[in-house]
Amino acid sequence: METVNEYDSPMYNEAVGQFDRVAKLMGLDDNVSDRLRVPQKALVVSFPFRHDTYTDVETIFGYRVQHLTTMGPTKGGIRYAPDVDLGEVSALAMFMTWKCAIVGVPFGGAKGGVRINPMELSRAELQRVTRRFTMEIINAIGPETDIPAPDLGTNEQVMAWLMDTYSQHVGHAVPAVVTGKPPALGGSVARREATGRGLMFLLPQAARAIDLNPEGATVAVHGFGNVGRYAALAGQQMGAKVVAVSDISGAIYNPDGLDTESVGKWVDENRYLEGYHYADFLDGNDVFALDVDVLVPAAIQNVIRKDNAPDVKAKLIIEGANNPTTLEADDMLRERGVLIVPDILANAGGVTVSYFEWVQDVQKYFWTENEVVARLREIMTRAFDDVHGIAEQEHVDMRTAALIKGIRRVADAKLVRGIFP
Ligand code: NAD
């Protein structure tokens, strides 16, 4: 099968490579597999962005890609990052499709991105970019069509501006157009913590599978944003010892364990980890080689590669970020017996609570934190058991098993819907 040039990029080729490998293993119908290799809709926009100085106007590129519209509305985050491109967003949209199918939420995958460095923007600039990008994609999104959420470089405030822009456009408040917004606007309680917490709910099951005691297990987390921070916090609350966390400024390391709540407060006040007391300061990439039981990559893609995979000492990797491990590194680590809980399973807690948020907004009836957390735990632990069961039955690794589960569900739905016209 050929690569589709429109989307050609290392990350898209990697996503399709993973898909092809599993589709072949499953004996998937060629017609269905050809259809699933490419996004159904992709919107590329460019727009002018005025800096605070009012003299500079920059042309900015943005994307919204809907991989699969078969299952219900499409769902996926919007990332702001300096290297975002169509291929990357398309790969991430495809991952979202499998992720939604693995946890059984009735959405297809989507993703959006704006090629900009959010760290360099003032609050006013961030707001202007968000509102203009929302207007550019406004006909593609909606509570019954495509529902954005936060991702790398975006947060609750960005989602609030997106919701406001959409609502101004249609003339009334539409909270269900976006998830991951503040609870004051119809956001769900416990959404902010959902991805990191959901990931850590899998630690006991994953540890059991490799005879590791999760109580006191040492953990290093790469990334201390929405996913990494709450994964570290949940890990510590569950009795693991979080010895290192990192962000773009570097990593902090304390072999006796970090107080993750105090680290969070430091970042709230100082933005970056650098300067935090009670820990050594290392290069951010040093976390991959630390002598720990569990590694949680939770920042960006392609950070565990063939060059640093041999240095990894952890026995268990739980992927918080999307696509943090290259295919080559994945093979190398598996050969060494490292258990990898793949991104499409491990970080699905985010889209699960986003689904809860959408349900609450549509029904205009809100749940308690205990209800949200209990349902999240139930869905995540069941998904892990399902995927682990497939891995044992088919004698495959967890990533392959997760893809089999996701692809099977989507392919079944496509076949029963048939082809229009
Ligand atoms: P975020 O912007 O809140 O945090 C990102 C963290 O990574 C920050 O600590 C930042 O300093 C660090 N970082 C950014 N660029 C880096 C670089 N070049 N090198 C090293 N560190 C860097 O983002 P997030 O929402 O936590 O998302 C992190 C990852 O998790 C992404 O891959 C995202 O797609 C994935 N993810 C997020 C969610 C969610 O609910 N937010 C859900 C599923 C998957």
Side-chain angles (χ1 to χ4, degrees), residues 1 3 7-25 37 79 81-85 87-92 94-95 98-99 152 199 206 209-210 212 218-223 227-228 231 243-248 250-251 253 282-347 387 391 395-404:
M1 283 177 259
T3 304
Y7 304 100
D8 191 19
S9 83
M11 197 154 157
Y12 180 72
N13 295 339
E14 185 124 340
V16 173
Q18 280 182 15
F19 170 73
D20 282 347
R21 191 156 79 168
V22 177
K24 196 166 161 218
L25 189 82
R37 294 172 94 242
R79 63 169 50 180
D83 51 0
V84 164
D85 60 32
E88 176 178 317
V89 174
S90 304
L92 291 163
M94 184 186 277
F95 293 145
W98 315 140
K99 203 177 296 183
L152 195 65
L199 181 155
I210 55 164
L212 171 74
T218 51
V219 181
V221 182
H222 184 245
V227 181
V243 296
V245 297
S246 80
D247 70 3
I248 193 136
Y253 173 59
L282 314 175
D283 186 275
N285 290 324
D286 289 349
V287 295
F288 301 114
L290 288 176
D291 190 5
V292 289
D293 299 314
V294 185
L295 187 59
V296 178
I300 53 165
Q301 62 268 20
N302 295 338
V303 287
I304 306 178
R305 302 176 299 261
K306 70 172 180 197
D307 55 310
N308 64 359
D311 304 330
V312 170
K313 297 183 187 66
K315 305 166 200 74
L316 173 62
I317 298 177
I318 314 183
E319 295 182 335
N322 285 308
N323 206 39
T325 315
T326 65
L327 282 177
E328 281 167 318
D330 190 80
D331 286 340
M332 290 162 71
L333 290 162
R334 242 179 317 113
E335 266 167 36
R336 278 177 34 206
V338 177
L339 177 65
I340 304 180
V341 184
D343 47 6
I344 49 175
L345 168 63
N347 69 28
V387 170
H395 307 290
V396 293
D397 60 282
M398 289 285 282
R399 192 184 311 281
T400 305
L403 281 164
I404 290 176

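Because the structure is predicted, anything quoted here is derived from the model rather than measured.
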Heavy-atom check, side chain of Gln18 versus side chain of Asn323, under 4.5 Å: yes
Starting from the C-alpha separation in whole Å, work towards a yes-or-no answer on side chain to side chain contact (heavy atoms under 4.5 Å, CB included) for Leu199 and Val341. CA-CA 9 Å; Leu199 181 155; Val341 184; over 6 Å; no
Heavy-atom pair with the smallest gap, counting every atom of Ala346 and Ile318: CB-CG2, 3.7 Å
Determine all donor-acceptor pairs shorter than 3.5 Å in which one atom belongs to a side chain in residues 282-289; sequence neighbours excluded.
residue: Asp283; atom: OD1; partner: Asn285; partner atom: N; Å: 3.0
residue: Asp286; atom: OD2; partner: Asp283; partner atom: N; Å: 3.3

Less than 4.5 Å apart, any side-chain heavy atom of Val16 and any of Met94? yes
Please enumerate all residues that pass side-chain hydrogen bond (donor to acceptor under 3.5 Å, both in side chains) together with Gln301, with sequence neighbours excluded. Arg79, Glu88
Set of residues satisfying salt bridge (charged side-chain N to carboxylate O under 4.0 Å, His left out) with respect to Lys313, sequence neighbours excluded: none
Less than 4.5 Å apart, any side-chain heavy atom of Ile404 and any of Leu25? yes
In chain order, what residues pass the side-chain contact (heavy atoms from CB on, under 4.5 Å) check against Leu339, with sequence neighbours excluded? Ala206, Ala209, Ile210, Leu316, Met398
Those residues that, when tested against Asp311, pass salt bridge (charged side-chain N to carboxylate O under 4.0 Å, His left out) (two or more places apart): none
Partners meeting salt bridge (charged side-chain N to carboxylate O under 4.0 Å, His left out) with Asp307 (sequence neighbours left out): Arg305
Across all chains, not counting sequence neighbours, the side-chain contact (heavy atoms from CB on, under 4.5 Å) partners of Ala401 are Val387, Ile390, Ala391, Val396
Contact between Val294 and Leu212 at the side-chain level, heavy atoms closer than 4.5 Å - yes or no? yes
Find out whether Val219 and Val292 are in side-chain contact, i.e. whether some heavy atom of one side chain is under 4.5 Å from a heavy atom of the other. no
Got a sec, which pairs hit side chain to side chain donor-acceptor pair (under 3.5 Å) with one end in residues 333-347, sequence neighbours left out? Lys99-Asn347, Asn322-Asn347, Asp330-Arg334, Asp331-Arg334
Just verifying a value: how many Å separate Ile300 CD1 and Asp83 CG, rounded to the nearest 0.5 Å? 7.5 Å
Glu14 side chain vs Leu327 backbone, donor-acceptor pair below 3.5 Å: yes
Could you give all pairs that pass the ring-ring contact (aromatic ring centres under 6.0 Å, His included) test and reach residues 324-347, with sequence neighbours left out? none
Residues two or more places apart in sequence or in another chain: which of them pass side-chain contact (heavy atoms from CB on, under 4.5 Å) with Ala329? Ile304, Ala309, Thr325, Thr326
Would a 4.5 Å heavy-atom cut-off, applied to side chains only, mark Met11 and Asp85 as touching? no
Closest non-hydrogen atom pair, Ala321 against Pro324: O-CD, 3.3 Å
Let me confirm one number: the CZ-CG distance from Phe19 to Leu403, rounded to the nearest 0.5 Å. 9.0 Å
Listed partners of Asp293 passing salt bridge (charged side-chain N to carboxylate O under 4.0 Å, His left out), at least two apart: Lys315
Parallel, tilted or perpendicular: which describes the rings of Tyr7 and Tyr12, with under 30° parallel and over 60° perpendicular? tilted
